[in-house]
Amino acid sequence: MPTATRGFLARALEASRERASALRTRARELEEKAGWRGSARGFRLALEVAASRGVAVVAEVKRASPSAGTLTFRSPGELARAYKVGGAAAISVLTEPLFFGGSEEDLGEVLGATDLPVLRKDFVVEAVQVLEARALGADAVLLIADALERKELAELLLAAEELGMDALVEAGGPEALERALEAGARLVGVNARDLETLELSREFQLRAVKDLPKGVLAVAESGVRGPEDLRTLLAAGYRAFLVGEHLVRSEDPRAAVAGLVAAGRAAAGEGKEGA
């Protein structure tokens, strides 16, 4: 197992393995439910379309975080509706219960409130959890390269593909990013937060996007606290962003999303004028 699984991540993965173990007995039931869902909405496609217009914001619904504590009093559905009106390209829902206070019900509420593609964000360690995500209605799943070996990543990517889902593969450092690309990831989240210490640093995030192969869509994760941070990341080469705490804590989540989208489109327009 990669060394980054010490500290917080190790505890989150241990809890996730326990949940995965309990899910195995429900595999057939989950297969049936996933089959009833029909086709998943294109998460990556939605990001590509929005990015072509300037910026793609994946707006996150989460109740709490281990680094910041309780984050919002709003319901997941209320946030989802505000995010869509504000111009979000897609929505991420944190369903991890122990450290983030999330649940399957939060995911269901978001799915009932919007037609935007929805990412289930959790600590996935087994294919049955990908199956569960689709059975619940998620269009995409998060896979954390810092927590998985290349073979495991490849197997989970295949599981998502077979279900018609997209997978956002998150990397917090060069080894994890290399592992993600070797496993076949084409939608890569570069996280500025160290999942061992929970500290933020942009050094790797700003550097990593410059070296990604053609055809890989990069998503900047963590630490976007407003339009200025977004502009810094846009200048580095990002066009897609997953934003959580800034939006969840905002007095007006709709306006907060709209501000990020406007900043991205303005920066894209300036870039075209200067070309």
Side-chain angles (χ1 to χ4, degrees), residues 42-60 62 83 86-92 94 116-119 121 140-146 166-181 184-195 199-248 250 256-275:
F43 181 83
R44 175 180 172 141
L45 178 60
L47 268 58
E48 289 175 338
V49 170
S52 71
R53 297 170 181 163
V55 65
V57 175
V58 181
E60 189 156 87
K62 62 179 175 181
Y83 290 162
I91 295 178
S92 165
L94 248 160
L116 293 177
V118 176
L119 168 78
K121 194 175 180 188
V141 289
L142 178 78
L143 304 177
I144 302 175
D146 293 81
D166 290 306
L168 174 62
V169 182
E170 177 182 298
E175 292 182 3
L177 180 56
E178 182 179 358
R179 193 158 52 246
L181 295 173
R186 290 297 175 263
L187 181 60
V188 173
V190 184
N191 199 349
R193 190 178 300 281
D194 186 316
L195 291 181
E199 294 179 355
L200 278 170
S201 172
R202 288 214 192 285
E203 182 181 351
F204 171 68
Q205 190 180 56
L206 291 171
R207 186 175 71 248
V209 68
K210 303 180 189 303
D211 299 322
L212 290 176
K214 186 177 180 180
V216 173
L217 178 60
V219 181
E221 297 184 45
S222 299
V224 175
R225 293 155 293 197
E228 192 57 41
D229 288 325
L230 188 94
R231 282 189 282 267
T232 297
L233 291 162
L234 280 164
Y238 288 96
R239 293 295 178 269
F241 308 85
L242 194 154
V243 187
E245 290 181 23
H246 168 65
L247 301 178
V248 171
S250 172
V257 173
L260 294 176
V261 172
R265 290 180 176 173
E270 291 168 4
K272 288 178 182 178
E273 289 174 9

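As the structure is a computational prediction, the values presented were derived from the model and not from experiment.
At a threshold of 4.5 Å between non-hydrogen side-chain atoms, the residues V57 and L242 do not count as touching. Within the 4.5 Å cutoff, the side chain of L187 has heavy atoms near those of the F43 side chain. Inter-residue side-chain proximity for L142 and I144 is flagged as met; some heavy-atom pair is nearer than 4.5 Å. Between L233 and L206, some side-chain heavy-atom pair lies under the 4.5 Å cut-off. At a threshold of 4.5 Å between non-hydrogen side-chain atoms, the residues Y238 and V190 count as touching. Side-chain contact between L260 and V224 is present, with heavy atoms from C-beta onward closer than 4.5 Å. The shortest distance between side-chain heavy atoms of Y83 and L247 falls below 4.5 Å. Contact annotation: the side chain of R193 never approaches that of E221 to less than 4.5 Å [non-hydrogen atoms, C-beta and beyond].
Minimum heavy-atom separation, V261 to G86: CG2-O, 4.1 Å. Shown here for A59 and V257, the closest heavy-atom pair between the two residues is CB-CG2, 4.4 Å. The heavy-atom pair separating V216 from A185 by the smallest distance is CG2-O, 4.1 Å. Nearest heavy-atom pair, L47 versus A90, reported as atom, atom and distance to 0.1 Å: CD1-CB, 3.9 Å. Contact detail for L168 and V188: the closest heavy-atom pair is CD1-C, 3.8 Å.
D146 and R179 are not joined by a salt bridge, as no carboxylate oxygen comes within less than 4.0 angstrom of a charged side-chain nitrogen. Ion pair K121/E60 flagged as a salt bridge, since at least one NZ, NE, NH1 or NH2 atom sits closer than 4.0 Å to an Asp/Glu carboxylate oxygen.
Using a distance-only test at 3.5 Å, with no hydrogens or angles considered, no donor-acceptor pair links the side chain of R186 to the main chain of A167.
Here the OG atom belonging to S222 is positioned 7.5 Å from the CD atom belonging to Q205, to the nearest 0.5 angstrom. Between the CG atom in L119 and the CG atom in D166 there is a gap of 9.5 Å [rounded to 0.5 Å]. The distance from the CZ atom of F204 to the CG atom of N191 is 10.0 Å, given to the nearest 0.5 Å.
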Show your working on side-chain contact (heavy atoms from CB on, under 4.5 Å) between L143 and E170 and close with a plain yes or no.
CA-CA 6 Å; L143 304 177; E170 177 182 298; over 6 Å; no
